[in-house]
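Take a look at the structure below.
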2 protein chains.
Amino acid sequence: MNTKKDIVQKIISDRVHAPKPFGLGHAKANIALVKYWGKRDNELNLPETNSFSITLPLGTTTNITLANNEDIVVLNGTKIENQDQFYTRLVLFLNYFRPDASTHFKVETTNEIPTSAGLASSASGFAALTLALDSFFSMNLDQKMLSILSRLGSGSASRSIFTGFVEWQKGSNKDGSDSFAEKFSHFWPELRIGLSIISSAKKSIDSRKAMDITRKTSSLWKSWPDQVTHDITQIKKAIIEKDFELFGSTAEHNALAMHATMIAASPTILYWLPESIQMMHRIWDARKKGIPVYFTMDAGPNLKLLFLEKDKSIIEQEFPTIQTLVPPQ
Amino acid sequence: MNTKKDIVQKIISDRVHAPKPFGLGHAKANIALVKYWGKRDNELNLPETNSFSITLPLGTTTNITLANNEDIVVLNGTKIENQDQFYTRLVLFLNYFRPDASTHFKVETTNEIPTSAGLASSASGFAALTLALDSFFSMNLDQKMLSILSRLGSGSASRSIFTGFVEWQKGSNKDGSDSFAEKFSHFWPELRIGLSIISSAKKSIDSRKAMDITRKTSSLWKSWPDQVTHDITQIKKAIIEKDFELFGSTAEHNALAMHATMIAASPTILYWLPESIQMMHRIWDARKKGIPVYFTMDAGPNLKLLFLEKDKSIIEQEFPTIQTLVPPQ
């Protein structure tokens, strides 16, 4: 039995030094172009398939210091209550690193991602926290180990240790020692991401739970791993050859196929709102008019538009409410 | 090579008598509760899987007489032009039955299904035409043969030869001689169907073409046949035990899974409009309030509500625009 604490302690034990006055970490959010959907191990966040993401220019900065009697968590300047789910989840993660029960941390986190952006902040959050702990205890871990540790907080956090295009290798070991992310060697500076916010309401169903229900009940899920393997090959090819049509269509198709596995789950998991469908039809209409724009979607109602800098002005004209982001290398 | 004409002639050849003054046929529309989706033979309309339907109280009546110089087709009192797709499709079907090139037919068809009902009329249409031809030539074919012949006109027409619950056996023979429908031995008089019309516009993509694209490009389609097998078993069990929750959830799940295979096709086939999603959410909200209502959907944006007579008034109150139908036994 591999508990998370055992795994973390095995990685860090002979690298931990006396805590510094503070430890600082910063990591960026990412969105998957080929999705992480379905776990082979729920406890260790081990995925059924590889996944492939692009980094966003928005992230999380976290500072760790020592605290006196209990862990203290401050998010964007506001102290979080002990009963809060966010607090519980952080403290659970800190437990894996805590040298002894009497050591307490103060975690101050600043999120550049507005909650209204419809973007997950757990990826950059757990990556930044891991980096802060690495600095705090002067561990100087390599990126592979940092990726493994971040993954234990949130699966997609494994990818936020890197920037640019990132592939998370699913690995096959039971303890997850070969399940970590790697930076892809190519970049595409002209790529742009347009956030289209349909609803910033809390998700109708938590994505962790949705993954689980889909995996257990969706007959169509069986075919998903093959699709991912195919799509990762295609998207790498598209990046290397700067083939935007292949890039966009692969990402869009992969996102829709992920949603399709959920729609075929029992009970159905449908994150789409009427406005999501409207936006899809608008994007397809724009493509019919010759505008090269595609989209991806995560476990929520919002769409993320994919396009190139050269088409930015026409796309912002066509979709005046989007917020355009420049992905960092 | 089995051409449709060869197959038809083999079935009817020694049964055809001199034409009567007229031949009349009537058949009802049906909606699949477990869908027909994907063909193993495009020419002969041979399906990959069984399917299971319920009959609607709306149908098609067709009268055949002899004509002089060319086939004449009259739909709801209006003569159809020779260039019309509807005309071409009927004449093609008549060719399989035509004793010689100089025999021409006048086909008068009355459709009880308003075009705005969002229901396919090809199922009842080809079944009624087959029955009219059977009568016209005094063939007295059994229902199995009538089902096979109707299938050559339109796959789902094979089911419209019967009423009540009907299962179309996919069969395995190359010539389709074992691919026909059969009446299910149980009925459920309290079942109701509520038509909810979102759009009566022509389909964005023909379902025959959609089936083909899905089968060829949707990675998720591979799992579909297993789902159908499972769902047919479940829905029969639900009917026998009058378990409405199992009945409704199986039908709804099957319809959504069919749409999911299309959403995962490349290019995506999305029949849903924003209003379709709105209606789904409204139905799920009604269920949360304890109202037993489910839906099914075919290759289009409209929903068909499934409920029991006992809940009719509350459901018509909740969904004032639906048209309630009583399925005939």
Side-chain angles (χ1 to χ4, degrees), chain A residues 35 37 49 198-199 204-205 214 217-231 234 245-246 248-285 287-288 294-295 297 301, chain B residues 35 37 49 198-199 204-205 214 217-231 234 245-246 248-285 287-288 294-295 297 301:
Chain A
K35 305 294 182 189
W37 194 243
T49 67
I198 282 158
S199 166
S204 48
I205 175 170
T214 304
T217 72
S218 173
S219 73
L220 304 190
W221 198 86
K222 278 180 255 163
S223 321
W224 169 251
D226 284 348
Q227 162 127 26
V228 168
T229 307
H230 175 259
D231 288 348
Q234 292 299 97
E245 194 184 322
L246 180 62
S249 61
T250 302
E252 185 173 304
H253 181 212
N254 184 272
L256 288 167
M258 175 183 76
H259 281 271
T261 66
M262 291 187 248
I263 290 166
S266 179
T268 291
I269 300 163
L270 184 71
Y271 283 108
W272 298 350
L273 295 176
E275 296 82 0
S276 315
I277 299 288
Q278 208 157 38
M279 193 67 184
M280 287 180 206
H281 285 290
R282 281 179 61 201
I283 289 169
W284 295 328
D285 287 344
R287 277 223 293 283
K288 269 184 214 147
Y294 295 82
F295 67 86
M297 287 185 89
Chain B
K35 304 295 183 189
W37 194 244
T49 68
I198 281 157
S199 166
S204 48
I205 174 170
T214 303
T217 72
S218 174
S219 73
L220 304 190
W221 198 85
K222 278 180 254 162
S223 321
W224 169 250
D226 283 348
Q227 162 127 28
V228 168
T229 307
H230 175 259
D231 288 348
Q234 292 299 97
E245 195 185 323
L246 180 62
S249 60
T250 302
E252 185 173 303
H253 182 212
N254 184 271
L256 288 167
M258 175 184 76
H259 281 271
T261 67
M262 292 189 247
I263 289 166
S266 180
T268 291
I269 300 163
L270 184 71
Y271 283 110
W272 297 350
L273 295 176
E275 296 83 358
S276 315
I277 299 287
Q278 208 157 38
M279 193 66 183
M280 287 180 206
H281 286 290
R282 280 179 61 200
I283 289 169
W284 295 329
D285 287 345
R287 277 224 293 282
K288 270 183 214 148
Y294 294 83
F295 66 86
M297 288 184 88

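Convention: sequence-line order gives letters A, B, ...; per-chain numbering from 1.
Between His259(B) and Tyr271(B), the ring planes lie perpendicular to each other; the angle is over 60°, past the 30° to 60° tilted range.
When each of Pro267(A), Ser218(A), Ser219(A) is checked for heavy-atom pairs under 4.5 Å with chain B, Ser219(A) comes out on top. Between chain A and the residues Gln227(B), His230(B), Met280(B), the largest count of heavy-atom pairs under 4.5 Å involves Gln227(B). The greatest number of non-hydrogen atom pairs below 4.5 Å with chain A, out of Gln278(B), Met262(B), Met258(B), is found for Gln278(B).
Closest approach of Ile277(B) to Trp272(A), counting heavy atoms only: CG2-O, 3.4 Å. In this structure, Trp37(B) and Trp224(B) approach most closely via the heavy-atom pair O-NE1, 3.2 Å. Residue Thr49(A) comes nearest to Lys35(A) through the heavy atom pair OG1-O, 4.2 Å, listed as atom of the first residue, atom of the second, then distance. Residues Lys222(B) and Asp226(A) share a closest heavy-atom pair of NZ-OD2, 3.5 Å. For the residue pair Pro301(B) and Ser276(B), the shortest heavy atom distance occurs at O-OG, 2.9 Å.
Against chain B, the residues from residues 249-256 of chain A that qualify, each with a non-hydrogen atom under 4.5 angstrom away, are His253(A), Leu256(A) in number order.
If you measure heavy-atom distances from Met279(A) to chain B, you find no contacts under 4.5 Å at all. Interface remark: Thr261(A) contributes backbone and side-chain atoms alike to the contact with chain B (heavy atom separation under 4.5 Å). Both the backbone and the side chain of Ser266(A) come within less than 4.5 Å of a heavy atom in chain B.
From Trp221(A), atom CH2 reaches atom CG of Leu220(B) across 11.0 Å, with rounding to the nearest 0.5 Å.
Within a 6.0 Å sphere centred on NE2 of His281(A), heavy atoms belonging to other residues, nucleotides or ligands number more than 12.
Side-chain atoms of Thr229(B) come within 3.5 Å of backbone atoms of Pro225(B) as a donor-acceptor pair (strictly under, hydrogens ignored).
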